[in-house]
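Take a look at the structure set out below.
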Amino acid sequence: MRFAPSPTGRTHLGSGRTALYNYLLARQTGGQFILRIEDTDQKRYVPGAEEELMEGLRWLGLSWDEGPDVGGTFGPYRQTERRDLYKKYARQLIENGNAYYCFCSQTDEAQNPTDKQKRQHRDICPNRELPLAKADTRIASGESHIIRFKMPREGNITVTDAIRGDITVENSTLDDYVLVKSDGLPVYHLAVVIDDHLMQITHAFRTSEWLPTFPLHGHLYNAFGWEQPIWVHPSIFLKPDGKGKMSKRDTEDMLNEGKSIFLGDFEKMGYLPEAVVNWAALIGWSYDDKTEFFTLEDLVKKFSIEKLNPSPAAINFSKLDHFNGLHIRALGVDDLAKRIRPFFEQAGYQVHYEHTLQQVAEVLQIRLGTLAEAPEKGGFFFKDEIHPDAEMLIGKKQTAAESLAMARRIEALIQSLPDFSEDTANQPLRDLATELELKAGHVFGFLRNALTAQKVSPPVFETMIIIGREKVLERIRYAVDALEKLASISPG
RNA sequence: GCCCCCAUCGUCUAGCGGCCCAGGACGUGGCCCUCUCAAGGCCAAAACGGGGGUUCGAUUCCCCCUGGGGGCACCA
C-alpha cells in the first residue's frame, strides 16, 4: 500500500481519507504503508507542504512504515530523487516501440487552439514515426524534446477498478500522452507506474478523478510487461450542498464560516483526530446497516474495499460535530482534561490546579461539541472574580428589591450550612424558594448568574462544588452589592 | 464538443430477486427527563429519477432517457 501525495498545497480531507484507507488495509493485512512524495512538478511545488502533510497524518494517527523521513528498502521516496530511474525505463519504452521522442514545441500546439479539441496530437505529430537513430542525433545536438506514449490507433483496453469492475475504452479516444517533460522529469502517469511496480505496491488507492487516465496506466503496464496492482478509486468529495467538487473559492468561503477541510486546521478548531478519522472513513464507505462509531483500531479490523461506495459524496459538517461529540464523551476524564487545557490557556485562563481542571472536564464532557468551546462554556471556573450585570441578577417578574432580599437569604443560607454539598444544600434552597413564594428556578437562576455571569451553565450544584464555598460566597456578595446599588436607584 | 464514472430520505448510507408498503445515522419537529444548557430516552415527517424489458416476482439484473459528477496540460 502506498499513499502518494504531491506537495503542491495544503492537505485536504480527501487526501487524509485516501491515506487512511491505505493505512487501514496495510495494518489489517500486515503489509507496509509507504509514503511517497510526488514532487515532479517543480513549478507548483510549495515549500512546507510536505511538512504540513506529514504533520496532518501523524495527528490523525496514521504512521507510515517507509517514507522520505524514515527511509526503507525501496527508497528514495521523493520522485525528484528518482529521476534517473525514470529515464532508464522511458528509454526502454522507446526501444520497444511503445513511445517516441517528440520535438514539437508547446507553442506549435498552442497555435491551433480550435483544432486542439478535435485533433489528437498523434494525428499531427511529425515525429511519431521518426527513426530512433535520427531522433537520437537531434537530441545529441541539444534539441529540446519530450517523450510521448505511442497510443495504438485501433482496438481497446480494459482496466479493472476494485469497486467499479472492468472499464473498457477505445484506444482511438486516447491520445499520445506526454510521459517525460522537456525538463527531463516524468509526468505523473509514468512515474506512478514505475514507482508502484518497483516498490511492489499491491493496492493503489487514488480518487476517481483519475479514472479518465486509468486506461493509459493499463497500457503502460502492458508495455512494460508488468503485473498491475489492485486499483481502487474511491469517489471524490462534493461540496456540502452536493453541487460539484470543492474549488479553491469554496474552501475560502468555508474558512470564513469557521469551517475547513484542511487537515492542518481541525486541531485548532477543537476537533479530535478520532472524530475526523471516524467521519472521513464513513464518507464513501460503510460497515453495515447500523454501526457508525469506530475507533482507528475498529476500522483496521473492519475496513474492506468491497464496502466502498462508487458515488460522489457531499461533505456533511454537522456529522463531524456529531462524531466529535461522541468521541469527546468516549474519552477518559483525565484525557479530556489534557486536551482542553491548551484551549483554556490560549483563551488567557490560568489553570492553577490540575484537580479543578479534572472537575471542569468532567462537567463539560457532555456539553462540548468541540474542544474549542471549552473556554466559553467553562471559563468562569478559572476567573478570580465574576462581575455579572446587575440587571441580569433580577429574576423573572421580580423587582430589584425582591431579588436583593432573595439574594441575602441565599447568602445567609449557604453561609450557615454545616456541610457544603448538593445533598445538604439542595433541599434548603428549595424550601427557601417555597417560603418566599418563588419558584426553585428563581433561586437557581440567581445563583447561576451570580456564579457564572452566564445565562446557561453546568448545573448549579456541580458548579458550586467546583468553585468552592468561599468563592461562591464572594461571588454572591458581589451580586448582592450590585443589587443594592440597583435597588437604591429604582426602589420598589 | 468528446471520453469516463455514478444514480435509495435534504445529507451520509444499508439493501447484492421475494426477509422492504425499504433499515440506520446526521439534521429537522414533537414528547419525556430537568435549576439553565447539554447528554440520554421515545416518537414523527422524509427516499428507491423516468420509460422499456427479463422474471411467477424487481430498489436489486439488462437497455434507453434524464439527472449528477469527473476528465480532456510538458499539473498531479
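All heavy atoms count here, side chains included; hydrogens, waters and symmetry mates do not. Each chain gets a letter, A, B and so on, in the order the sequences are listed, and its residues count up from 1.
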Check your understanding: Considering only the C1' atoms, how many Å lie between B/A73 and B/G67, rounded to the nearest integer?
Key -> 29 Å

Point to revise | side-chain N/O A/K307 vs B/G15 OP1/OP2, d < 4.0 Å | key: yes

**Study point:** Nearest-Å distance once atom P is located in both B/G71 and B/A14
**Key:** 24 Å

Check your understanding: Just to confirm, is there a sub-4.0 Å distance from OP1 or OP2 of B/A76 to any side-chain nitrogen or oxygen of A/T40?
Key -> yes

**Study point:** B/C9 versus B/G29 - spacing of their C1' atoms, nearest Å
**Key:** 16 Å

Exercise for review: Ignoring backbone atoms, test whether A/K43 places a side-chain nitrogen or oxygen under 4.0 Å from the OP1 or OP2 oxygen of B/C75.
Suggested key: yes

Check your understanding: Can you tell me if the side-chain N/O atoms of A/K245 get under 4.0 Å from OP1 or OP2 in B/G71?
Key -> yes

**Study point:** Pairwise C1' distance for B/U54 and B/C64, with rounding to whole Å
**Key:** 15 Å

Review point. Is any side-chain N or O of A/S208 closer than 4.0 Å to OP1 or OP2 of B/C5?
Key: no

Check your understanding: With respect to the phosphate group of B/G40, does any side-chain polar atom (N or O) of A/R329 fall under 4.0 Å of OP1 or OP2?
Key -> yes

Check your understanding: Rounding to the closest angstrom, what is the interatomic distance between B/A46 and B/G23 at atom C1'?
Key -> 14 Å

Review point. Is any side-chain N or O of A/K181 closer than 4.0 Å to OP1 or OP2 of B/C75?
Key: yes

Check your understanding: Looking only at N and O atoms, is any donor in the side chain of A/E292 or the base of B/G24 less than 3.5 Å from an acceptor on the other one?
Key -> yes

